[in-house]
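Heads up, the thing below is written out as C-alpha cells.
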Amino acid sequence: MLLHTIAEVREQVKEWKKQGLTVGLVPTMGALHNGHKSLIEKSVAKCDKTVVSVFVNPIQFCPGEDLDKYPRTLDEDTKLCDTIGADIVFAPSPAEMYPDAQMLSNDFLTYVIPPFFYVNKLCGKSRVGHFDGVCTVVNKLFNIVQPDFAFFGEKDRQQLIILKKMVKDLNIPVDIIPCPIVREESGLALSSRNKYLSANGKKEALVLSKILNNIKICYNKGIKDINALKETAYSMLNENHSLEYLEFRDKNNLEEKETADSDTIVFIALRVEDVRLIDNIEL
Ligand code: PAF
C-alpha cells in the first residue's frame, strides 16, 4: 500500500497497534537495491507489519551535494517492497514532512543535534550538518510510525552508531537492528550512488573493499600497528582514487584507536569519478 500522508500512516498503524501487532520501520531514500532488500526482508521476518519509508530528505544534503540528481525510482521501489511483503510504502512529499519549506534552517526548524564528539569526524567532517538532518528526519519518522523495531545498514556505520546514541539519549522506545553490508560478488558494497559510476569507475571502486580486506588479513596475521596497516592501503591507491579518510575507530563510540584490536572498525571514504564512496570493516 503506497501512502503519501502522515495522517494515513498514523491511522493504519493505530489499527495494527490495537490488534497488538509489532511494527518494523525501514527508513530509506529510495533507489532501492539489494542492500535495502535485505533490510526489508529482515523486518518482514521479524515484525508482524513493515513500513518502508522512501523520502529523499533535503535537510541531510549539504550545499553542493547531489540532492537534485539523487535517483528517484518510486514505481520500481514500490514494486520491490510489494514483492518482499512490506505492508506500507510511505513516500511523503517534502512539503508533507517540512510544511514550512522556506524555513529549513535551524533558525526556524526544530532539529535533533547529535553529540559533537560523534559528528566531528569521518563523514561528519566533510558533510557538516548531515547528521543533524539524518537524526531529525529519523526522529520524525519514529514519531510518525512509532515502530517497535527499525532497521539500518552497517554500510552507513557512523550513521548507525549516531542513531543508536540518539535513541539511548532521548529514550526513544524503538529497538535499532543493525544489518550487515550487502556486496556485489566483486566485493563492492551496494549503494544507491554506485549508479553514478561508469563501468570503469565501478572497477576502480573495488579498491575500497580490497583495502579493507587486505587490512583485515594483515591484522589477522598479527599486525596491530595502525600506521603499518595504513601503509598497506596507501600502496593500493592510484591516480583515479582520491582518498578522503582511512581511520581506525572504536565500534561503540567512534574514539580513535591507538592500536588495532577486536573493538576496531576501519572506515574508508574515497572519491572515484567524483563520486563519494564509503565502506567499513570490523576487525
Ligand atoms: O541511510 C539513509 O538512506 C538515510 O540517511 C536515512 C536513514 C533514510 C535518513 O534519511
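Atoms within each ligand, like the ligands themselves, are counted from 1 in listed order.
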Using residues 140-147 as the side-chain source, report each donor-acceptor pair under 3.5 Å to any protein atom, sequence neighbours left out, with the distance given to one decimal.
residue, atom, partner, partner atom, Å
Lys140, NZ, Met97, O, 2.8
Asn143, ND2, Asn139, O, 3.4

Give the table of side-chain donor-acceptor pairs shorter than 3.5 Å for residues 199-210, with sequence neighbours excluded, one pair per line with atom names and distance.
residue, atom, partner, partner atom, Å
Lys202, NZ, Glu184, OE2, 3.0
Glu204, OE1, Asn238, ND2, 3.3
Glu204, OE1, His241, NE2, 2.9
Glu204, OE2, Asn240, ND2, 3.0
Ser209, OG, Gly187, O, 3.3
Ser209, OG, Leu206, O, 3.2

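For atom 10 (O) of ligand 1, the choice among His36, Met29, Gln60 with the nearest heavy atom turns out to be Gln60.
Shown in contact with Gln159 at under 4.0 Å from a heavy atom are these atoms of ligand 1, numbered in order with element: 1 (O), 2 (C), 4 (C), 5 (O), 7 (C). Interface atoms of ligand 1 facing Val137, defined by a heavy-atom separation under 4.0 Å, are 9 (C), 10 (O). Of all atoms in ligand 1, numbered sequentially from 1 with element shown, those under 4.0 Å from a heavy atom of Pro27 are 8 (C). Applying the 4.0 Å criterion to heavy atoms of Thr28 picks out, from ligand 1, the atoms 8 (C). Within ligand 1, counting atoms from 1 as listed, the ones closer than 4.0 Å to a heavy atom of Asp156 are 1 (O).
Remark: Asp225 does not engage Lys230 in a salt bridge, criterion side-chain N to carboxylate O under 4.0 Å.
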(message) Apply salt bridge (charged side-chain N to carboxylate O under 4.0 Å, His left out) to residues Glu247 and Lys121 and explain how you reach the verdict.
(response) CA-CA 10 Å; Glu247 294 188 23; Lys121 48 182 62 71; over 6 Å; no
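Counting heavy atoms from C-beta outward, Thr50 and Val23 have side chains that stay 4.5 Å or more apart.
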